[in-house]
Amino acid sequence: MSSEDKEAQEDELLALASIYDEDEFKRAESAQGGETRIYLELPQDFKIFVRDSSTESLQSSGFEYSVCFLPPLVLNFELPPDYPSTSPPVFTLSGKWLSQAQLSALCKHLDNVWEENRGCVVLFAWMQFLKEETLNYLNISSPYELKMCPQGKGQSRTPAGPPEAGKDCG
């Protein structure tokens, strides 16, 4: 690990800890990494629609709810020794209310942000994108239909190969 990389990592982690409160950003105790919880700001009077999947008729019923918030997106990351000079952060992105395709699209965008800023720290840019642009980027508007899916969904990226090689989908 170069001293420049180590210093850039420390500065970035300290900056994030000073910007975000403890329920939004937690630094890992053992490794150079941590976890961020991204709470999206929903538009006024945002509604979700939950379809009743137990009915098999074509006219399936459902329920519409007004919500003020959705569960946070969770970005877990680890900083390799040669970050930011050479390698991107290794990360896992999860969101209980997003589909695998939506998570993949967000991960691909984070990969692109790294490519555009190679050699620079990117965690703050990633967090800002996720917080401020996720709804627009995924074309999510009210009413948003929630699809009931199995638990434990997430996407991860590793620097070893093309983006698809690093998926950790469950």
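Taking CG of D82 as the reference point, atom OG of S2 lies at 8.5 Å (rounded to 0.5 Å). With rounding to the nearest 0.5 angstrom, the CD atom of Q128 is 8.5 Å from the CD1 atom of I38. Remark: S87 OG to R118 CZ distance equals 8.0 Å, nearest 0.5 Å. Note that CG of L79 is 9.5 Å distant from CD of E10, once rounded to the nearest 0.5 Å. Considering CD of E145 and CD1 of I140, their distance stands at 12.0 Å, rounded to 0.5 Å. The distance from atom OG of S99 to atom CG of L138, rounded to the nearest 0.5 Å, is 8.0 Å.
No continuous path of hydrophobic side-chain contacts links V121 to L14 [ILVMFWY only; heavy atoms under 4.5 Å].
By the 4.5 Å heavy-atom criterion applied to side chains, V122 and L110 are not counted as neighbours. Contact check for W97 versus I48: no side-chain heavy atoms found under the 4.5 Å cut-off. For the pair L93/L130, a side-chain contact is recorded, criterion being any heavy-atom separation below 4.5 Å from C-beta on. With contacts defined as side-chain heavy-atom distances shorter than 4.5 Å, the pair E41/E132 does not qualify. Using a 4.5 Å heavy-atom cutoff, the side chains of L16 and T36 are not in contact. Side-chain contact check for D5 versus P81: every heavy-atom pair is 4.5 Å or farther apart.
Minimum interatomic distance between G119 and W114 (heavy atoms only, all atoms of both residues): N-CH2, 3.7 Å.
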Exercise for review: Apply side chain to side chain contact (heavy atoms under 4.5 Å, CB included) to L146 and F49, showing your working.
Suggested key: CA-CA 6 Å; L146 280 182; F49 180 78; over 6 Å; no
Point to revise | Check against side chain to side chain contact (heavy atoms under 4.5 Å, CB included), Q9 and E4 | key: CA-CA 9 Å; Q9 288 181 19; E4 290 88 11; over 6 Å; no
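Under the 3.5 Å distance criterion, with hydrogens and angles disregarded, a donor-acceptor pair is assigned to the side chains of E12 and Y83.
Annotation: W126 is in aromatic contact with F91 [ring centroid separation under 6.0 Å].
Applying the ring-ring contact (aromatic ring centres under 6.0 Å, His included) definition to pairs two or more places apart or across chains, none involves residues 8-45.
Looking at residues two or more places apart in sequence or on another chain, you find a salt bridge (charged side-chain N to carboxylate O under 4.0 Å, His left out) between E35 and R37.
Salt bridge status for R27 with E22: absent, with no side-chain N to carboxylate O gap under 4.0 Å.
At distances below 3.5 Å, at least one donor-acceptor pair connects side-chain atoms of S18 with backbone N or O atoms of A15.
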Contacts under 3.5 angstrom, residues 62-76 side chains, donor-acceptor by atom type, not counting sequence neighbours:
unit_1	atom_1	unit_2	atom_2	d
S66	OG	K47	NZ	3.2

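The local environment of CD in E7 is sparse, with at most 12 non-hydrogen atoms from other residues, nucleotides or ligands closer than 6.0 Å.
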